[in-house]
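Chain letters run A, B, ... following the sequence lines, proteins first and then strands; every chain starts at 1.
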2 protein chains.
Amino acid sequence: MSGVRGSARECSIANALAVVGERWSLLVLREVLLGNVRFDAIAAATGGSRDILAARLHTLVDAGVLEKRPYSSQPRRYEYVATHSGRALQPVLLALMDWGDRYVTPGPPPTVWEHSCGAELHLAAVCAACGSPVDSGSSRLLRLGGVDQV
Amino acid sequence: MSGVRGSARECSIANALAVVGERWSLLVLREVLLGNVRFDAIAAATGGSRDILAARLHTLVDAGVLEKRPYSSQPRRYEYVATHSGRALQPVLLALMDWGDRYVTPGPPPTVWEHSCGAELHLAAVCAACGSPVDSGSSRLLRLGGVDQV
DNA sequence: CCAGTTAGTTGGATAGTCCAACTCAGCAGC
DNA sequence: GCTGCTGAGTTGGACTATCCAACTAACTGG
């Protein structure tokens, strides 16, 4: 964050990364979506230091990705749950996981999900209109920064 | 990179982020996939400073995401093209763009793609096996860090 | 009263980023 | 041959972020 200079391409990828692109942000979100919603659990599972995790949780709450919710008063204790916006980041995490499984992690995938259909979950990115897979080559730029392309 | 302490969860999301999670990495990849494959073009379009971009290009080449290819000797000039691994990151970028369009960028999406089917491209994350959409709730953890879950 | 739990905050060292200016090589015009 | 231009970086110095251990603060259970 901070250093996003005004020039550059106007782009929702850059805007998204300004919110969740800092170190630990997506790992925090992974844990929250896995059900680890308490500070110490998040710190233990991600391995991040407590100070930056406190800062990240704060910015993610400010950005509307997480919600801070008291689960005890006396002593005041809070847990962090994903908002609608936070849950909408699941495809990003799944896409990253899929790519990591294929191209980074050696050996079999360390984390395996089961889809409600019964099969092991593997993500496919498809066109929402026609349902056929999207790969490089099957799409072309239509409009960039408000300017129609040829 | 660097500071990934040995503990923490064994996870392809973390592994993926260790490769492409640093600042500017995904924006560099966005430009390369858009066809801006030369150093100065990448610097201008991303807005990143030349020194970190040089460093990022180097790590992305080392990680096998990009490939450095000479397009002129005398003077030696290189361009950067996505490898198979790099092109496989497209779903990550599209998922980020989609989320940014919805939850971050105010107003209409700045970048619009057309799918080969003719419709404006909107991404849907579906189960590769059954083709039905994946949302939070339609999947459950099967195995985590090599350990079967109940 | 003392130890333990939970959720942070603080301070100092280390690492990463920003930015402008510089290099180095060839090329284009005069 | 000299000057300026382009393209691809590299360098130095200021600034910012991250790491890590130790600390606070408010309870709880024995």
Got a sec, which residues hit side-chain contact (heavy atoms from CB on, under 4.5 Å) with S72(B), two or more places apart in sequence or on another chain?
P75(B), R77(B)

Listed by chain and number, what are the side-chain contact (heavy atoms from CB on, under 4.5 Å) partners of S132(B), not counting sequence neighbours?
H115(A), C130(B)

Residue-phosphate contact under 4.0 Å: W24(B) side-chain N/O, dC18(C) OP1/OP2
yes

In numerical order, the residues of residues 51-58 of chain B whose heavy atoms come under 4.0 Å of DNA chain C are D51(B), I52(B), R56(B)

Looking at residues at least two apart in the chain, or sitting in another chain, which of them share a salt bridge (charged side-chain N to carboxylate O under 4.0 Å, His left out) with D51(A)?
none

Which pairs with one or both residues in residues 80-105 of chain A pass side chain to side chain donor-acceptor pair (under 3.5 Å), sequence neighbours excluded?
H84(A)-Y103(B), D98(A)-R102(A), D101(A)-S12(B), Y103(A)-H84(B), T105(A)-S12(B), T105(A)-N15(B)

If the condition is salt bridge (charged side-chain N to carboxylate O under 4.0 Å, His left out), which residues does R76(B) pass it with, not counting sequence neighbours?
none

Under the rule for side-chain contact (heavy atoms from CB on, under 4.5 Å), what residues qualify as partners of A119(A), not counting sequence neighbours?
C117(A), A129(B)

Roughly how many Å is it from CG in L27(B) to P in dT17(C), rounded to a whole number?
13 Å

Residues at least two apart in sequence or cross-chain that pass salt bridge (charged side-chain N to carboxylate O under 4.0 Å, His left out) with E79(B), listed by chain then number, are R38(B), R69(B)

A correct 5'-to-3' footprint of nucleotides 2-7 of chain C, with B, S and - meaning base, sugar-phosphate only and no protein heavy atom under 4.0 Å, is ----BB

Do the side chain of S25(B) and the main chain of G21(B) share a donor and acceptor less than 3.5 angstrom apart?
no

